Amino acid sequence: MRGPHDVGGLEAGPVDTTTHDMSFWEKQIDALHALVGDEKRGIVPKGQNRRYVEALGEDVYNTLNYYERWTATMSQQLLEKGILTRDEIDAKVKEIRDRLEATGELELGQGEAEKI
Amino acid sequence: MTDATSSGGHGHIHRESGPPQPDDKVHSYYQILGIALQELLIEKGIVSADEVRQMIERRDAITPARGAKIVARAWTDGDFKARLLADGNAGAAELDCPMTYTELVAVENTPKAHNVIVCTLCSCYPRELLGLPPSWYKSREYRARVVRDPRAVLKEFGTEIGDHVEIRVHDSTADIRYLVIPRRPAGTEGMTESELEDLVTRDSMIGVAEAKTPGK
Amino acid sequence: MARSFEAGQAVRVRDDYPPGHIRTPVFIRGKRGVITRDFGEHDNPEITTYELEGPQKTLYVVRFRQIDVWPDYAGSKGDTLDIDIFEHWLEPA
């Protein structure tokens, strides 16, 4: 049983060695993840996120970038713990989509609009 | 354009200041989802916008300069280096860089051995000393290949390691974090510790590059 | 059963593939190496990831020769790979 994360030794292409600064969005997800997992909140305890990332499955794991994976697993854990509901999340996603569209900040890639 | 992260309102994707960057656009469902989670958690009072902002600032404040300080000290103080190699956490703590949860292992490059670090399972990284990892460190390509063909991967970073030098790959799978002490460049004998720190790059402490040569 | 090993001791990584959250990469299972360092008892991620309580396990650094890990290894004979592995994944070799 090899999970999608367990890639040591597998075939892969050349490394893209260019360094780019983390986007503000990535930093936000990193910070949010740290906060929900801290001792005060303990919603995503240390070491648990990895298990959720591993359970995303090969397709999702390989399609999402690093912080998109964390977003996916964070949403799953918030749902499981009853902190957020699916309806709340869906409504908020649509609200944000509309807002970003209005400000011209939305540039969805192919197939992304259908997921909302 | 309001800046909600500092005004305490809704979570938002904007930077604190400056013109919009190309990556300020939102391209994917999961990006929207991430913003949604943040806004919902703020609305529910589980986190505050201030806490998010402070956490980002706290993480931004941790840069490879911390690791560089440790390396430069190790280059100039043999006793410190010996303590660091024997007990990484104690060595880092001496320079006010405490490790959280994890065990630091400092590994030293020599004329006979070159060290490089990876986490094949996820992206374990000495964040306390180097900040957040570069994207390539988290990539499938690096994680898959550097354990199996380190010389080829290092070449992609422009680093050629001769056959007479043994390569030591360190795969961080559990609670160990590694810091590479690169070789001190030639011609740096008269340099101060803080001048030496400028030669110690992030990549040299991961082991995909050598430290910078002065003047280059 | 907890086992304890000493630095310098030859070990073999269990060649098992159980389900669950495991921090021993698949590529190293069944391979032989040598204990280099002992980091004492640490939380066992296979238990704590489920928010369960369980005994801590000793964490070791094990050094493998690359030519023992990859049959077609292209580098030098002396090249090595260090991995931190919990005691319950190791057996004497």
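This one's a predicted model, so the numbers in the text were calculated from it and none came from an experiment. Residue numbers start from 1 in every chain, and the chains themselves are labelled A, B, ... in the order their sequence lines are given, proteins ahead of strands.
Around the CD atom of A/E11, the shell of radius 6.0 Å holds no more than 12 heavy atoms that belong to other residues, nucleotides or ligands. In this structure, A/D59 places its CG atom where only 12 or fewer heavy-atom neighbours from other residues, nucleotides or ligands lie under 6.0 Å away.
When each of A/G9, A/G3, A/G8, A/A55 is scored by its heavy-atom pairs under 4.5 Å with chain C, the top score falls to A/G8.
For C/D16, the side-chain contact (heavy atoms from CB on, under 4.5 Å) criterion is met by C/R14, C/P18, C/W89, not counting sequence neighbours. For A/E88, the salt bridge (Lys or Arg N to Asp or Glu O under 4.0 Å) criterion is met by B/K44, not counting sequence neighbours.
In this structure the side chain of C/H21 never reaches within 4.5 angstrom of the side chain of A/Q48, judged on heavy atoms. For the pair C/Y17 and A/R2, the minimum side-chain heavy-atom distance is 4.5 Å or more.
For the pair A/R50 and C/E46, the salt-bridge criterion is not met [side-chain N within less than 4.0 Å of a carboxylate O].
Looking at A/D6, its side chain never comes within 3.5 Å of a backbone N or O of C/P25 through a donor-acceptor pair.
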